Amino acid sequence: EGAGFEVINLGFDVDPEKFVEAVKEYQPDIVGMSAMLTTTMIAMGYTINALKEAGLRDTVKVIIGGSPVDAEIVDRIGADGYAYNSPTAVELAKRLVGAA
């Protein structure tokens, strides 16, 4: 929000279906997810698959973050990028929406 983005916070431990519903309702440019444990990174992949199955994946960019996240997991789950902290997440988001 501090960088000028409108943020819809879905909370934590969010089911993939809730992401799908939110994308339908808010029509965002970007979906962001964060993992605090390596085991939760798998759930981010489920969410991306749910967006694909709903026909929404091509309408949003997906960025991920959190301490266990790296470029390898981005490729593995099909995200558009990752950031290791808030300032780099803002830079990434701006690049993805063409604002940088």
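The shown structure was predicted, so the numbers you read here are calculated from the model rather than taken from an experiment.
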Cluster overlap I8 with I48, hydrophobic side-chain contacts below 4.5 Å: yes

For residues 12-37, the side chain to side chain donor-acceptor pair (under 3.5 Å) pairs (sequence neighbours left out) are none

Would you name the heavy atoms of T38 and P68 that are closest together and state the gap between them? CG2-CB, 3.6 Å

Min side-chain heavy-atom separation F12-M36 under 4.5 Å: no

Closer than 3.5 angstrom, by distance alone: can the side chain of D70 be matched with the main-chain N or O of I73 as a donor-acceptor pair? yes

Among V23, V97, T59, which one satisfies side chain to side chain contact (heavy atoms under 4.5 Å, CB included) with P28? V23

Considering all heavy atoms, the nearest G81-L92 contact: C-CD2, 3.7 Å

Just by modelled atom types, is the V60 backbone N or O under 3.5 Å from a matching donor or acceptor in the R57 side chain? yes

Inter-residue atom distance K61.NZ - D80.CG, 0.5 Å rounding: 5.0 Å

Hey, are the side chains of I30 and V62 touching, using non-hydrogen atoms and a 4.5 Å cut-off? no

Tested for side chain to side chain contact (heavy atoms under 4.5 Å, CB included) against M33, the lone hit among V14, I63, I64 is I64

Determine the minimum heavy-atom distance between L10 and F19, stating which atoms define it. CD1-CD2, 3.8 Å

Are F5 and V31 in one and the same hydrophobic cluster, where Ile, Leu, Val, Met, Phe, Trp and Tyr link if side-chain heavy atoms are under 4.5 Å apart? no

What are the two closest heavy atoms between A71 and Y82, and how far apart are they? N-CE2, 3.4 Å

Could you measure the distance from the CG atom of L51 to the CG atom of L56? Nearest 0.5 Å is fine. 6.0 Å

Please step through side chain to side chain contact (heavy atoms under 4.5 Å, CB included) for the pair K52 and D58, ending with a clear verdict. CA-CA 8 Å; K52 286 178 187 175; D58 293 335; over 6 Å; no

Residues in side-chain hydrogen bond (donor to acceptor under 3.5 Å, both in side chains) contact with E72, at least two apart in sequence or another chain: R76

Go through the structure and list residues passing side chain to side chain contact (heavy atoms under 4.5 Å, CB included) with N85, not counting sequence neighbours. P87, T88

When every non-hydrogen atom of A35 is compared with those of M41, the smallest separation belongs to CB-CG, 3.8 Å

Which heavy-atom pair separates V90 from A3 by the least distance, and what is that distance? CG1-CB, 3.5 Å

